[in-house]
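Structure, as structure tokens:
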Amino acid sequence: MSEGRADRGNPTIAELEEEGDIAADYIEELLDITDLDGDIDIDARGGRAYVSVNSSEDSNLRLLSKPDTVTALQELTRIAVQTKTGGFSRLILDVGGSREARQSELENLVDRAIERIEGGAASAALPPMSSYERKLVHDVVADRGFTSESEGEGRDRHTVIRRA
């Protein structure tokens with residue numbers, strides 16, 4: 001267990017790799033228990049550990065790739081990491097390309113919001129979402145030449161898009 005890790009700011013690459021290893025062990029055990037096949041990849045970038053579970057197209061892994069299921073598994077995996085490291089984890093879990101699919105959904109949400117603004121609206125609010133998804137939205141909005149900010153508290157925190 002890393003001492004004092006919860007008190008520090010950005011984790012080191014070694015700490016992120018440790019998070020990835022712990023998460024991979026946890027997910028591998030889950031796959032074994034549920035008799036699902038999957039290959040696990042670990043990456044560390046942007047201050048986060050990324051764990052991806054992939055398999056062939058005919059795999060039953062798609063049972064776990066629904067957005068709500070991936071979100072729940074990610075939270076359980078984060079808790080498993082935090083229990084072993086003693087520090088807060090912001091790891092991102094992807095199952096069967098679920099994150100790429102969600103990225104595409106978020107881009108479509110942003111595009112529809114921008115259409116409302118270009119149609120005369122002063123701003124467009126998106127539904128509440130996680131901090132990770134809001135970050136993805138802020139990046140997409142900036143790429144489209146607009147500005148965005150997060151508003152609200154807790155589960156109601158959402159992104160509002162405006163003209164730059």
Worksheet entry | Intermediate values then yes/no, side chain to side chain contact (heavy atoms under 4.5 Å, CB included), T34 and N60 | CA-CA 10 Å; T34 56; N60 49 9; over 6 Å; no
Worksheet item: Are any non-hydrogen side-chain atoms of S89 and Q82 less than 4.5 angstrom apart?
Response: yes
Discussion item. Strictly below 4.0 Å, N to O, side chains only: are E149 and R162 in salt-bridge contact?
Written reply: yes
Worksheet entry | Nearest atoms (heavy-atom pairs only) where S98 meets S65 | CB-O, 3.4 Å
Worksheet item: Under the side chain to side chain contact (heavy atoms under 4.5 Å, CB included) criterion, do D94 and E100 qualify, and how do the steps go?
Response: CA-CA 8 Å; D94 178 60; E100 185 175 321; 5.8 Å; no
Worksheet item: Between V141 and I114, is a side chain to side chain contact (heavy atoms under 4.5 Å, CB included) present by the stated rule, with each step listed?
Response: CA-CA 9 Å; V141 168; I114 287 174; 5.6 Å; no
Worksheet entry | Heavy-atom pair with the smallest gap, counting every atom of G47 and P11 | O-CG, 3.9 Å
Item to complete: Output the distance between atom NE2 (H138) and atom CG (D143), rounded to the nearest 0.5 Å.
Response: 13.0 Å
Practice prompt. Give a yes or no answer on whether the side chain of R48 reaches the backbone of R90 with a donor-acceptor pair at less than 3.5 Å.
Written response: yes
Worksheet item: Of the non-hydrogen atoms in L16 and A44, which two are nearest, and what is the gap between them?
Response: CB-CB, 3.7 Å
Item to complete: Hey, could you give me the CD/CG distance between Q74 and L91, rounded to the nearest 0.5 Å?
Response: 6.0 Å
Worksheet item: Is the shortest heavy-atom distance from the side chain of V81 to the side chain of Y26 under 4.5 Å?
Response: no
Worksheet item: Could you state the interatomic distance from CG (D156) to CD (E151), rounded to the nearest 0.5 Å?
Response: 12.0 Å
Practice prompt. Start with the C-alpha gap between L30 and L73, add the side-chain angles, then the distance that decides, and say whether side chain to side chain contact (heavy atoms under 4.5 Å, CB included) holds.
Written response: CA-CA 10 Å; L30 175 74; L73 286 174; 3.5 Å; yes
Fill in: Approximate separation, where rounding is to 0.5 Å, of K135 NZ and T159 OG1
12.0 Å
Item to complete: Decide whether I40 and L64 are clustered together by the hydrophobic rule: side chain heavy atoms of Ile, Leu, Val, Met, Phe, Trp, Tyr closer than 4.5 Å, transitively.
Response: yes
Discussion item. Rounded at 0.5 Å granularity, tell me how far CD in E29 sits from CG in D25.
Written reply: 8.5 Å
Worksheet item: Would you say E75 has more than 12 foreign heavy atoms packed within less than 6.0 Å of its CD?
Response: yes
Discussion item. More than 12 heavy atoms of other residues, nucleotides or ligands under 6.0 Å from CG of D35: yes or no?
Written reply: no
Item to complete: Answer with yes or no whether the hydrophobic clustering places L93 together with I22; edges join I, L, V, M, F, W, Y residues whose side-chain heavy atoms lie under 4.5 Å apart.
Response: yes
Worksheet item: Should I42 and Y132 be regarded as members of a common hydrophobic cluster, given that ILVMFWY residues are connected when their side-chain heavy atoms come within less than 4.5 Å of each other, either directly or indirectly?
Response: no
Fill in: Inter- and intrachain pairs under salt bridge (Lys or Arg N to Asp or Glu O under 4.0 Å), touching residues 108-119, at least two apart
D111-R144
Worksheet entry | 4.5 Å side-chain heavy-atom contact, L126 and R134 | no
Worksheet entry | pair L61-V53: side-chain heavy atoms closer than 4.5 Å | yes
Fill in: Residue list, side chain to side chain contact (heavy atoms under 4.5 Å, CB included) with L106, at least two apart or on another chain
R102, L109, M129, E133, L136, V137
Discussion item. Which heavy atom of H158 sits nearest to which heavy atom of G152, and what is that distance?
Written reply: CE1-N, 4.5 Å
Item to complete: Please check if V160 and F146 belong to a single hydrophobic cluster, counting links between Ile, Leu, Val, Met, Phe, Trp and Tyr side chain heavy atoms closer than 4.5 Å.
Response: no
Worksheet item: How many angstroms lie between atom CZ of R78 and atom OG1 of T83, to the nearest 0.5 angstrom?
Response: 14.0 Å
Discussion item. Does D32, at its CG atom, have more than 12 non-hydrogen atoms belonging to other residues, nucleotides or ligands within less than 6.0 Å?
Written reply: yes
Discussion item. On a heavy-atom basis, which atom in T77 and which in A23 lie closest, and how many Å separate them?
Written reply: CG2-CB, 3.4 Å
